[in-house]
Amino acid sequence: MDPLISLDSQVCTRCYACFRACPVKAIHVHTGGSIPDISIQRCIGCGDCVMACAPKAIKYRSSVNDAKALFESGDKIVAMLSPSIAAEFDDISDYRKLVTMIKALGVQHVNEISFAIDLLAYKYLSLLNDFKGRYYITSIDPVVVSYIEKFHPNLIGNLAPLVSPMIALTKVVREIHGPEVRVIYIGPEIATKDEALKYEGIEKVDVAITFEELRQLFKEYSIDESNLEYSSIDGPLSYKGSLYPLRNGFAQAADMDENLLTASMFSLEGKKAMVDAITEFESNIATIQRHFCITFGNNLNGPGITRRGDLLYKEHLVIKYANKRLQNFFRVEWYDNLQHFLELDLSRAFTADDQRLPTPSQERIREILAELGKTETDAEGCLECGYANCIEFAIDIANGFTAPEMCISYAIKSSSQYEKSLHDLNEKLAQARKSLRESEEKTKHEKESALQASELTNAMLEKLRAGVVIVDNMLKVVKANTTFTNILGEEAELINEVVPGLVGADLNRLIPNNFITLFSYVLTDNESIENRDIKIGENLLNVSIFPIVKGKVAGGIIRDMRAPEVQRAEVINRITEVIDRNLEMVQKIGFLLGEGATDIEHMLNSIIEFYKGENKKLSS
Ligand code: SF4
Ligand code: SF4
């Protein structure tokens with residue numbers, strides 16, 4: 001069975017009108033503006049959330065299909081009509097046409113709930129006249145009964161132990177038509193749908209539908225009054241029970257004393273009246289010493305009525321209908337019926353279904369009030385949240401039923417704080433954007449400089465007469481100049497044509513192992529090798545290798561000793577080295593050999609000058 005109330009999150013606009021309408025906080029709102037959720041355990045079936053939800057996201061459980069199944073069952077069916085029909089079907093010319101329309105659905109008999117009101121009124125009179133010091137709250141409205149069972153279970157003993165009008169008439173019609181007869185209730189409330197599920201046997205109501213659903217069924221079965229005749233309501237007929245939908249209607253039906261000086265019962269109607277009256281009953285009944293007749297007020301404006309508002313107009317329609325019904329009233333017959341059915345057992349028991357929650361600690365309440373910007377002495381509040389004061393609101397925040405955002409002043413304060421933090425965030429973002437732009441400019445500039453430097457380095461490398469190669473720690477070529485390629489020979493030149501600068505080439509495949517060993521040594525030990533002569537085939541190479549990035553990049557300068565300019569430069573270098581190294585010795589020899597030694601030095605210097613001159617010519 002679907003829950004009595006459900007919420008379609010696709011339709012919900014998060015206006016929270018339902019939350020404010022619910023008298024028992026069965027609708028919960030969570031921080032962050034989420035879709036509210038409904039606690040069916042706490043729900044008392046008043047239907048106020050259905051009426052408060054403008055986009056119709058909240059719906060009550062439909063019984064239309066159950067009703068159709070009942071009509072098509074072929075069973076004998078009795079429909080029980082609430083006296084509120086007059087307030088709903090003012091578009092139907094005569095209530096007798098409405099009776100025929102209901103029978104056209106597949107119903108054999110149509111009875112009035114009003115007779116059950118008369119019957120219960122008498123039962124109440126005798127209970128209250130013999131109350132033995134216990135004060136009672138009427139149990140005619142299932143919403144009030146559910147409210148007491150769930151939120152004031154201490155008062156279960158004060159609920160009048162009598163069935164509701166719907167169940168009372170069900171027993172009457174089964175007494176008349178036998179226990180097999182099927183029963184459908186038609187009224188303005190939705191709590192009757194769940195109430196119907198509680199009973200079995202001769203008290204069982206097969207289906208309870210609203211006036212709204214009855215209209216839907218008329219439409220689906222294409223039933224219209226225009227081609228139908230009048231039909232009468234089946235007996236037993238009522239007396240003043242048809243006044244029940246009016247304010248004080250039950251007291252009127254029971255002919256109870258309504259004089260405030262002498263009456264033994266207060267009549268109260270409406271959501272707030274119900275909540276306040278039951279709270280007062282609990283705390284002050286010893287002093288008040290009155291019975292309470294309480295109804296939620298759904299008879300003329302319930303969730304199952306299609307037309308909202310216009311209460312006085314609806315009251316007028318009900319009074320007009322009651323007067324019309326009384327035109328054919330036969331007191332003796334009514335009285336006989338009453339006496340007969342008063343024999344029925346209309347008693348019932350109640351079951352506590354405690355949904356109360358422990359009150360949070362004073363400290364926690366104070367903390368929440370402080371968060372809301374309130375104190376215990378300043379907690380009356382604007383009541384816009386739907387609570388009686390800020391403390392009750394704080395209690396429900398502590399219980400997880402609502403969120404601080406439901407407080408308008410808190411929401412406004414949070415919103416301005418949010419706007420300020422948004423403003424600060426925007427400023428930070430603008431600053432970050434500016435820094436990013438500057439950084440991009442700088443990077444672009446550095447990139448251009450690096451490109452220029454790279455081009456310059458490449459150009460310089462190409463100008464060098466020595467071969468240059470730079471490798472990474474995997475011995476892959478990072479950069480090499482053309483001289484290096486030429487020194488290595490034809491195979492390297494071919495690779496260079498495909499991959500300029502031999503970038504990415506494996507050095508292992510370009511040079512022999514003894515040469516590789518030198519690069520590996522430099523990369524591993526981070527030590528330079530200078531002027532090492534190595535022989536590759538017929539070539540004599542002079543090699544210097546040095547670390548560029550420790551353990552990661554190394555560079556090599558390779559000179560082909562066969563090249564004339566290298567030979568000359570090398571001869572000059574090496575002779576200069578010989579001269580430098582032996583200068584001291586030569587000078588000592590000079591001392592020993594006199595002029596002869598000076599001649600030797602002259603001779604060596606002239607060789608140096610000769611080669612230097614040749615080198616200049618070659619360079620130019
Ligand atoms: S009243 Fe309807 S639309 Fe508004 S929050 Fe409740 S379910 Fe959503
Ligand atoms: S039907 Fe009434 S009690 Fe249930 S959730 Fe809606 S407003 Fe609350």
Side-chain angles (χ1 to χ4, degrees), residues 1-63 141-153 187-198 208-210 212-213 269-279 294-299 301-305 308 353-357 384-388 392-393 396 399-408 411:
M1 181 66 70
D2 292 336
L4 181 63
I5 298 291
S6 59
L7 189 157
D8 185 343
S9 58
Q10 300 297 314
V11 182
C12 174
T13 58
R14 301 178 202 189
C15 66
Y16 304 126
C18 53
F19 167 80
R20 284 183 281 272
C22 181
V24 291
K25 302 304 161 205
I27 297 179
H28 303 159
V29 174
H30 304 288
T31 303
S34 58
I35 303 282
D37 57 59
I38 299 173
S39 161
I40 286 301
Q41 288 75 26
R42 291 178 66 83
C43 176
I44 57 172
C46 68
D48 270 16
C49 55
V50 179
M51 294 187 280
C53 181
K56 301 202 180 306
I58 298 188
K59 290 195 168 23
Y60 59 82
R61 181 177 65 236
S62 171
S63 305
D141 185 339
V143 174
V144 176
V145 170
S146 183
Y147 179 63
I148 290 175
E149 287 179 329
K150 292 184 177 187
F151 300 100
H152 294 270
E189 329 87 336
I190 57 170
T192 45
K193 287 172 181 272
D194 270 359
E195 192 199 12
L197 301 174
K198 291 182 181 166
I209 61 168
T210 63
E212 188 181 31
E213 289 171 311
E269 182 184 289
K271 174 163 61 181
K272 187 168 183 315
M274 175 190 81
V275 171
D276 291 350
I278 291 170
T279 306
I294 307 174
T295 52
F296 192 82
N298 272 340
N299 283 310
N301 234 0
I305 284 187
R308 301 266 175 265
D353 176 19
D354 197 349
Q355 296 294 327
R356 294 172 299 174
L357 292 168
E384 283 300 316
C385 57
Y387 287 84
E392 284 193 14
F393 180 52
D396 270 6
N399 285 331
F401 286 178
T402 185
E405 290 94 319
M406 294 305 292
C407 168
I408 288 183

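The model shown is predicted, which means the values in this text are computed figures rather than measured ones. Start at 1 and go down the list; that is how both ligands and their atoms are numbered. The figures that follow rest on heavy atoms only: side chains count, while hydrogens, waters and symmetry mates do not.
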Judged by atom type as modelled, is there a donor-acceptor pair below 3.5 Å linking the side chain of [X] to the main-chain atoms of [Y]?
X: K271; Y: P23; value: no
X: N399; Y: F401; value: no
X: T210; Y: E213; value: yes
X: N298; Y: C46; value: yes

Please step through side chain to side chain contact (heavy atoms under 4.5 Å, CB included) for the pair R61 and D194, ending with a clear verdict.
CA-CA 10 Å; R61 181 177 65 236; D194 270 359; 2.9 Å; yes

Using the side chain to side chain contact (heavy atoms under 4.5 Å, CB included) rule, take E149 and I44 through it: C-alpha gap first, then chi angles, then the decisive distance, then the call.
CA-CA 9 Å; E149 287 179 329; I44 57 172; over 6 Å; no

4.0 Å heavy-atom contact, A21 with ligand 2:
no

Heavy atom of the protein closest to [atom] (residue, atom name, distance):
atom: atom 2 (Fe) of ligand 2; answer: C46 SG, 2.3 Å
atom: atom 4 (Fe) of ligand 2; answer: C43 SG, 2.3 Å
atom: atom 6 (Fe) of ligand 2; answer: C49 SG, 2.3 Å
atom: atom 3 (S) of ligand 2; answer: I44 N, 3.4 Å

Looking only at non-hydrogen atoms, the one of A26, C22, G47 nearest atom 1 (S) of ligand 2 is G47

Work out how many protein N, O or S atoms lie closer to atom 8 (Fe) of ligand 1 than 2.8 Å.
1

Note: ligand 2 atoms sitting under 4.0 Å from heavy atoms of V24 are 3 (S)

In residues 36-43, what donor-acceptor pairs under 3.5 Å come from side-chain atoms, sequence neighbours left out?
from : atom 1 : to   : atom 2 : distance (Å)
D37  : OD2    : H30  : NE2    : 2.8
S39  : OG     : R42  : N      : 3.3
R42  : NE     : V24  : O      : 3.4
R42  : NE     : K25  : O      : 3.2
R42  : NH1    : Q355 : O      : 2.9
R42  : NH2    : V24  : O      : 2.9

Side chains of Y60 and E212: do they bring a donor and an acceptor to under 3.5 Å?
yes

To the nearest 0.5 Å, tell me how far L7 CG sits from I27 CD1.
7.5 Å

